[in-house]
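See structure below.
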Amino acid sequence: MIEVDVTHRLGAFTLDAKFAASGRLIALFGHSGSGKTSLINIIAGLIRPERGRVAINGTVLADTARGVFLPPHRRKLGTVFQEGRLFPHLSVRQNLLYGSWFAGTARDDANANLSRVAGLLGIEHLLSRYPSRLSGGEMQRVAIGRALLASPKLLLMDEPLASLDEPRKLEIMPYLERLRDEARIPIIYVSHSVAEVARLSDTLVILEAGKVRAVGPTIELMQRLDLIHAAGTGEAGALIEAVVESHDYAYGLTSLVSRAGTWRVPLLEAGQGKTVRMQIKARDVMIALEPPASVSALNVIPAVVAEIGPMDQPGVEIKLDCSGEALVARLTRYSVERLSIRVGTPVFAIVKSVSFDRDSLGAAWRDIRAADAGAGGV
Amino acid sequence: MDGWWTLSADELTAIKLSLLVATVAMMASLPFGLAISMLLARRDFWGKSVLNGIVHLPLVMPPVVTGYLLLITFGRKGPVGAFLDQHFGIVFSFRWTGAALACALMGFPLMVRAIRLSAESVDKRLEAAAGTLGASPIWVFLTITLPLIVPGITAGMILSFARSMGEFGATITFVSNIPGETQTLPSAIYTLTQVPGGDAGALRLTAISVIISMAALLLSELLARKAGRSLHAAT
């Protein structure tokens, strides 16, 4: 449980954030300038808030009313920064062990933890190298391992993927998923990427212009029409968790089953029975009033219109109820009026299989094969 | 008969004394140089530019002026000199320790400049990262900052040493030119040029001086390259 209630001014910008959240991976989401990095620096102790209180699992880290301010080195929080910040004069092994020395970990335990974490992150082969000889993705994995080995009570990640290119992001994602599922340390993850947040987080804190706009389970917030614009209309969309039913290797397709129905998506490296989380972008969802007879799209899901967003823009968001699961579709206002779409109208949601990109499909739970495949590509 | 390159006893003494004075001056000024460099590089405080000016004074003042100021403050009758003499039995005037003090002061701005520049180039975000890993400020300094400024410290020490080997004006003004006690290499050369037939000796000492200076320069290059290699061009 993390409780934050702070006010802090930085030039013309004022951060005024209050929230309480718990979860395995809490995402602080917002666009650049929304104050999320200031907020994580306040939690880490790198910024002293002008007013307010920060507590983690009941331990007060800062409370201006009582004059409490724990310096960063006494907070027992591991931080992963956007730029890695590995120590250039230390080897990867020394970087990894840096925090365990200050945590007072016994030597044998530290070495055991080192091999466990190096295995988890796929960096065993890098231990004797120096940071200047690492790729961006390797650097970030070492930075994550270094923070983990400081035996933190909480892991803070400040846009750990933002400085990496797309293939590197995909390389690290599986490790972050394993971390979330295997390490018994809650994570606070700062990001401006809807795809990352959708794939990784279970709890979402949305920041807008220095204020907390919403807090709650990621799946619920991602389908709320009033928050679509906070995420950005191009990237927003509902999350569906589905179970892998079968693979069709001949056509390169995987069938998934959720309450809404059967989904066919590009071949996944997840075993049968695994739960997979996918984000379906609102702009990728079409709506038909009758079941289309001959259509190329493979996913046709029966649904009922549950909610219609504000009609004052050319684009309108529609929330659909698919047998208890939510989908969000973005249509033109013209189409909404032409088809006479009202709340309660029975419709069919159409999603092309190819619109599921690798970014939006993640393991909801650990999948060793996918993770190992990622590690081999270094 | 010995060759012209054979050093006389007095010349050998001057060389040994110069090496001793320069080494002591370099080592004794290092802790102060490091502290003041870090202060100037990292802290903002009232009177910072005044402190910076004072540190740089020996660089811009005539050495004779520095020597004279030392004489009136650290001399036996000077306020600081008298105090040190009475309470601790430490005497600077007309002793080799005084020569070391003069040399340390003359080399100090060079040492501070080198260390400060290198401290300013250390990425403070690395220090913040070390803090989040549990290192207290003193440990951050010892394990992150200090190793990263080793090239600057090395350069500063070599500069201070080289300056000390060549220091003449402040030394001769403060502690005079006593063979065996305060007659360093430059003073000995100066003395030899003032006496008839001293040319050969002056030339010998000049050659020695050039060799020592070159050796110091090469050593600093070597150390800088070694430090650079261990960082693997960190950027």
Side-chain angles (χ1 to χ4, degrees), chain A residues 37 40-41 43-47 61 70-92 94-105 110 128-134 139 142-158, chain B residues 30 34 37-39 41-45 114-157 220-235:
Chain A
T37 292
I40 207 158
N41 281 336
I43 297 172
L46 298 174
I47 296 179
L61 302 181
L70 236 57
H73 66 277
R74 288 174 48 207
R75 294 199 171 194
K76 294 194 188 307
L77 307 176
T79 308
V80 180
F81 301 93
Q82 187 176 333
E83 341 77 60
R85 301 196 194 181
L86 298 181
F87 305 132
H89 59 299
L90 300 179
S91 68
V92 167
Q94 291 166 325
N95 264 284
L96 288 169
L97 289 174
Y98 189 85
S100 66
W101 196 62
F102 295 106
T105 316
S128 57
R129 284 200 209 168
Y130 278 83
S132 58
R133 298 285 175 90
L134 300 179
M139 257 189 233
V142 173
I144 293 167
R146 184 178 70 173
L148 267 181
L149 285 167
S151 313
K153 289 186 292 190
L154 182 75
L155 207 53
L156 304 174
M157 295 194 173
D158 183 10
Chain B
L30 182 60
L34 192 57
S37 308
M38 290 311 296
L39 205 63
R42 290 304 171 82
R43 293 261 189 276
D44 275 315
F45 52 91
I115 301 178
R116 180 184 176 175
L117 268 179
S118 125
E120 280 170 346
S121 72
V122 170
D123 189 346
K124 282 187 207 161
R125 293 175 308 173
L126 293 178
E127 295 169 353
T132 66
L133 292 165
S136 62
I138 181 78
W139 279 114
V140 172
F141 177 73
L142 290 174
T143 60
I144 306 297
T145 319
L146 200 55
L148 290 175
I149 61 172
V150 160
I153 293 176
T154 312
M157 287 173 74
S220 84
E221 280 289 311
L222 204 74
L223 290 174
R225 211 175 303 163
K226 205 177 156 207
R229 239 202 326 271
S230 75
L231 287 183
H232 289 290
T235 41

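In the text below, chain A, chain B and the rest are named by the order of the sequence lines, each starting its count at 1. Owing to the predicted nature of the structure, the values given are computational and were not obtained by experimental measurement.
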Which heavy-atom pair separates A:R146 from B:A129 by the least distance, and what is that distance?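 It is NH2-CB, 3.9 Å.
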How close do B:G134 and A:F102 get, heavy atom to heavy atom, and via which atoms?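 Nearest pair, atom of B:G134 first, then A:F102: O-CB, 3.5 Å.
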Please look at A:L149 and chain B and tell me whether the side chain, the backbone, both or neither of the residue comes under 4.5 angstrom of a heavy atom of that chain.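 Contact with chain B is absent: no heavy atom of A:L149 under 4.5 Å.
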For A:L77, is it the side chain, the backbone, both or neither that has a heavy atom under 4.5 Å from a heavy atom of chain B?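 The answer is the backbone of A:L77.
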What distance separates B:T143 OG1 from A:W101 CH2, expressed to the nearest 0.5 Å?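 Going from the OG1 atom of B:T143 to the CH2 atom of A:W101 covers 8.0 Å.
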Atom CG in A:L90, atom CG in B:L148: separation rounded to 0.5 Å?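 Going from CG on A:L90 over to CG on B:L148, the span is 8.0 Å.
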For chain A, the option from B:S136, B:P137, B:A128 that forms the most heavy-atom pairs under 4.5 Å: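 Ranked by contacts with chain A, first place is B:S136.
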Pairwise side-chain contact, B:I144 with A:F87, heavy-atom cut-off 4.5 Å (strictly under):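 Side-chain contact under 4.5 Å: yes.
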Without swapping roles, check the side chain of A:H73 against the backbone of B:A130 for a donor-acceptor pair under 3.5 Å.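 Pair absent, no side-chain N/O of A:H73 close to backbone of B:A130.
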Test applied, side-chain contact (heavy atoms from CB on, under 4.5 Å); reference residue, A:R85; option that passes from B:D123, B:L126, B:T132: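 It is B:L126, the one option of B:D123, B:L126, B:T132 that forms the side-chain contact (heavy atoms from CB on, under 4.5 Å) with A:R85.
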